[in-house]
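These notes are about the structure you will find just below.
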Amino acid sequence: MSLQDYFSRGLSADPELERAITGEMRRQQDGIELIASENLVSRLVLEAQGSVLTNKTVEGLPYKRYYGGAEFADAVEALAVERATRLFGCRFANVQPHSGSNANAGTFLGLLKLGDTILSMDTAAGGHISHGHPATLTGRDYRIVRYGVSRQNERIDYDEVRALAFEHRPRMIVAGGSAYPRAIDFKVLRDIADAVDAYLLVDMAHFAGLVATGLHPHPFPHAHVVTTTTYKSLRGARGGLVLWNDEALSRRINGGIFPGVQGSVMLHIVAGKAASLGEALRPDFTTYNAAVVANARQLAEGLAAGGLRLVSGGTDIGLMLADLSPLGIRGDLAAHTLEAAGLAVNKNQIPFDPHPPEAPSGLRLSANAGTARGFGEAEFATIAQFIVDLLRAPEDTQLQSRIQSEVAALSARFPIYR
Ligand SMILES: *Cc1c(COP(=O)(O)O)cnc(C)c1O
């Protein structure tokens with residue numbers, strides 16, 4: 001291959017790979033994405049993530065790099081940091097975490113000592129695995145105590161959190177989960193943290209967009225540190241973010257990320273984060289998030305009207321957890337059935353689930369991606385009806401193909417990346 005080709009040929013030079021990527025593009029264009037950990041980024045974010053910044057290696061923080069030639073790298077990262085702090089109204093940000101899990105692991109490493117106690121939400125109640133699940137490094141390095149939700153209302157039982165905090169004296173309390181549909185009372189948690197001299201870490205991955213636009217209570221000033229992914233409700237590039245206000249924590253948090261759990265910066269991703277944070281600072285991001293909440297309510301109401309039970313009775317954010325037991329179907333079959341009709345969801349355990357993670361009682365759904373392509377409440381009412389019809393007759397393959405065409409037709413009215 002000539003150098004001319006090397007620097008000019010695109011994806012079409014690799015048909016095998018191109019086929020797979022084009023297939024994924026079609027899947028996203030034609031299907032309806034309801035998986036809560038996904039969203040649809042703008043062309044601008046795609047371009048920034050695919051830029052020549054992938055060639056540049058830097059370590060450390062902007063304007064304090066180990067390697068030279070970092071003038072533009074510094075400009076990119078400083079821009080992302082400045083936008084992140086402006087968006088969330090805080091003093092400091094680290095935009096380097098390669099993922100949400102790394103944001104958490106690095107923050108734990110920076111602020112805690114090996115063997116310290118962390119009080120976090122049980123995965124079975126909706127907590128995230130990166131908050132100390134035994135299968136992760138965080139679960140091995142720290143002593144993990146779990147709080148759950150109340151059996152009565154499936155919401156966090158703050159009295160239980162307080163009792164566990166006094167009993168186990170954690171160094172850190174973690175709030176925020178991957179399948180918890182309700183707003184969290186950060187002030188109560190901070191009071192508990194203060195009473196036992198613990199840090200409060202809020203992981204807002206699933207409601208960061210709402211926080212940024214004032215549609216959800218703000219973790220600051222209550223949290224000592226806030227972590228998030230940037231690609232779920234923030235509708236941005238793929239990675240994580242750490243935010244804080246107390247300068248005394250800066251060296252420890254930054255050092256926890258690098259060299260604690262990561263090496264050099266993925267600058268092309270940081271560029272994508274800068275681009276999406278810039279978008280999030282625009283007024284239309286507020287419009288988007290308001291629509292996410294309204295659409296999620298519409299979807300939830302439609303599912304409830306069709307006989308599904310919503311965990312905790314509904315949702316305050318873009319995400320919801322539906323209990324399928326009234327329909328006598330499990331999450332694995334339900335997810336397959338919906339996928340056959342072009343609707344992407346994920347199976348999920350519900351609190352106190354009598355069934356295993358492989359065949360759980362629930363489904364987790366979100367309005368994030370559908371809203372990003374322009375769906376409104378009418379479309380989400382239709383989607384709820386598709387879901388209810390499909391789950392009532394999971395063996396009906398004719399119904400699946402009929403709804404699949406309707407899904408494709410609906411998606412075609414809201415084109416993406418064309
Ligand atoms: C998705 C998620 C993460 C982890 O993100 P990764 O980028 O997959 O590592 C962490 N915390 C919460 C609450 C999440 O929902």
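For clarity, every value in this text was computed on a predicted model and none was experimentally measured. Indexing begins at 1, ligand by ligand and atom by atom, following the structure's order. Numbers here simply count residues along the sequence, with the first being 1.
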- Query: Does the separation of the ring centres of F220 and F88 fall below 6.0 angstrom?
  - Reply: no
- Report yes or no: does D353 contribute a side-chain atom to a donor-acceptor pair with the main-chain N or O of I350 at less than 3.5 Å? yes
- Item | Partners passing side-chain contact (heavy atoms from CB on, under 4.5 Å) against E406 (at least two apart in sequence or in another chain) | F386, R402
- Query: Is R235 positioned over the aromatic face of F285, cation under 6.0 angstrom from the ring centre and no more than 45 degrees off axis?
  - Reply: no
- Flag, side chain of R392 to backbone of G306, donor-acceptor distance under 3.5 Å: yes
- Among R83, K273, R65, which residue meets the salt bridge (Lys or Arg N to Asp or Glu O under 4.0 Å) test with E77? R65
- Item | Set of residues that line ligand 1, where lining means a heavy atom lies under 4.0 Å from it | S99, G100, S101, N104, H128, S130, G177, S178, D203, A205, H206, T229, Y231, K232
